[in-house]
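Whatever order the structure lists them in is the order used to number ligands and atoms, beginning at 1.
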Amino acid sequence: MSQEKKNEEAKMTGFFQSLKSVLLTAKVIFRMDWKNIPAFVGNQIFLTVQPFVALYFSARILDALAQGADRRTVISWVIGAVASGYGIYLLERLFACLNSVEGVTLYWQLYQEMSRVMMRADYGELEKPDIRQAKERIERSTRMFWYGPWEVPGVLMAVAQGLTITISALVLAWPVFLPVKGEGFPWGTLGMCVFILVSVLYSLRSEKRICEMQEGNLEELAVLQRKMYFFEEYIGEGRAAKDIRLYRQQELIRPRHQENWKKITQLNDRVSDARSKSSGIRGIFSQAIGAVAYLIVGARAIAGIFSVGAVVQYVGAVMKLSEGIRVLVYSLQHIRMQGPHCQEYLDFIGEGEDKMIYRHGQDGTAEVTLSGNPEDTAFGEGNAIEDGNAIEDGGCIEFEHVSFRYPGSNEWAVRDLSIRLEKGVHFAVVGRNGSGKTTFIKLLCRLYDPVEGRILLNGRDIREFKYEQYQRLFAVVFQDFQLFAMPLGENVASAMEYDGEKVMRALDQAGTGQWARELPKGLEQPLYLVEKDGINISGGEAQKIAIARALYKDSPFVILDEPTAALDPLAEAEIYEGFREMVAKKGAVYISHRLSSCRFCDTIAVFDEGRLVQLGGHEELLGDEGGKYYELWNAQAQYYQ
Ligand code: ADP
């Protein structure tokens, strides 16, 4: 469902749909950590109730003094005032501390939930723009405009505050609204009620207007903020520093930058101005209500109906009443505004009605058996493949008339592909850019499922197997491989607990063992300059570490998808040569746009426009002068002569 349509529907279903989304989000937050909501709401309730308790005790003390009560009675009211003041203060502080701790925790928990979804989501889904855009929208709404799940405790806090003030004020001021015998028609009370009603109606209208104004600004603000971030990043990026200087871009960037800021400030100012105006008018109403309350309560006090203390209590409480109703109105408006944003978060994390799709729904149940023999449960009972060469003779992966096109695309990225991969066979895939090589690898690793045809492991469709087990068959080094700002050992093992000797062996095999031994912290050495003692590594080292990671995984199939594209041909040939020996007995797939790196492979598959056009050994393919391989080889060879 498109975002516009969602927003439209959210507007139509209105308040109750929003309330449902906010309460569902509160439930999710409660499940993440039950202390969150009570910490936020509890703090607010105590903070709000504090002045009312003080008001009540002040009135009692005044009454006791005015009525000439004995010292003991006065002292006990004073003790009551001090004790309740301290008690509530302590509770309020306690909840405030919890609140600040929980606030930070909640912030990260909500983010972590999104990260968990991003890591778990089907790779194909992740490549679609939907998930990324949804994530961006959720983050942007929160970071820039304070909308979304992070605001739910605040909204509930406002509801609690509004209810507490309104109820406390009504409880303390109730007698003012009751008719008094012999007083005639209660014009004063009626007038006060009219003022309160007008004040509430005004609050409703002005809050609605301010909310609409804020929402109306969202799109424009989003565009302006995006531009701001773009400029900030561009200026902050080291790579742009040269262009900025050589093309004198300072004069181009600065005015745009300032213009953006001006527009953002103008939009925000409009909302602030409206808020100030609304608050001023509400102040006038509040004073008018106070004045009428004084008249009523004062007249009754003179008539001896109310005590001195009651004057203080009733007037104070009546003035708070309209404030309480205003906060309540504000919180209800906010529920309406937060609803669609909360719903989007719920959908994102898979709790909403419009769930995003996850691979787990399509997971197969069969155990991966490498030899085709069901008894051979290589992955059963926590039994990882100890021997990476365990793929038995006859065990193979076969593409059977496989075609694939990317979601939303009409072009076939891979078309009618039939190919067979086996243990001990080293396989190269060559072809021009865009000929479908990487897509072939993604299909092989089941990052995508074929649109047509089947991929078989030992004769069975790979969709029948447990997804995670199937993926453990492959160790891939992609061109855009990623290492983390974590210790070297954890990077190689892709785990926090690892076998140090095995990691060193993998690093040795990848040709970077000596470098690793000389690091100040060895395998514990954090990579990149994120940690205090982290180190920067060269592109070459990074590649070797990525290769060591693939070797450590010790899978029956290893795949190099142009991880060496940035290296010169000689360095690449060296790495491919070395790698060939390391994984001699495994199934291996090499992808390179440099044919010379792949010439030693047993079988070379030549791809062109998504189709397999030739298959064979280097010499054999080169012998076919009308073939694609011959054309590609000669086209490249002229650069190396
Ligand atoms: P190669 O690895 O040979 O360079 P690819 O497998 O990356 O080729 O791409 C094959 C075709 O699929 C190309 O036409 C490319 O534009 C298209 N393609 C690749 N990735 C995507 C994607 N994520 N979405 C849409 N089309 C894609």
Considering non-hydrogen atoms of the protein only, which is the closest contact for [atom], and what is the distance?
| atom | result |
| --- | --- |
| atom 23 (N) of ligand 1 | Glu127 OE1, 2.9 Å |
| atom 6 (O) of ligand 1 | Thr439 OG1, 2.4 Å |
| atom 14 (O) of ligand 1 | Gly434 O, 4.0 Å |

Is there side-chain contact between Ile397 and Phe557, with heavy atoms separated by less than 4.5 Å?
-> yes

Going by heavy atoms in the side chains, are Arg446 and Tyr123 under 4.5 Å from each other?
-> no

Can you find a side-chain donor-acceptor pair between Thr439 and Tyr406 that sits under 3.5 Å?
-> yes

Will you find, in the side chains of Tyr229 and Gln225, an N or O donor that is under 3.5 Å from an N or O acceptor?
-> no

Which atoms of ligand 1 have any heavy atom of [X] under 4.0 Å away?
| X | value |
| --- | --- |
| Ala413 | 11 (C), 12 (O) |
| Ser435 | 1 (P), 3 (O), 8 (O) |
| Arg432 | 3 (O) |

Check: Phe404 ring centre within less than 6.0 Å of Tyr448 ring centre = yes

Are Phe440 and Phe399 near enough that their ring centres are under 6.0 Å apart?
-> yes

So is there a nitrogen or oxygen of Asn433 less than 3.5 Å from a nitrogen or oxygen in ligand 1?
-> no

Under 3.5 Å between some N or O of ligand 1 and some N or O of Thr438?
-> yes

Ligand 1 contact by Gly431, heavy-atom criterion under 4.0 angstrom | no

How about atom 8 (O) of ligand 1: does it have a protein heavy atom within less than 4.0 Å?
-> yes

Assess whether side-chain contact (heavy atoms from CB on, under 4.5 Å) is satisfied between Gln614 and Asp624, documenting all intermediate values.
-> CA-CA 10 Å; Gln614 275 182 295; Asp624 179 3; 3.3 Å; yes

Which is closest to atom 27 (C) of ligand 1 by heavy-atom distance: Tyr448, Phe440, Tyr406?
-> Tyr406

Applying the side-chain hydrogen bond (donor to acceptor under 3.5 Å, both in side chains) test to Glu452, which of Arg405, His401, Arg415 qualifies?
-> Arg415

Using a 4.0 Å heavy-atom threshold (strictly under), name the region of Ser409 that reaches ligand 1: side chain, backbone, both or neither.
-> neither

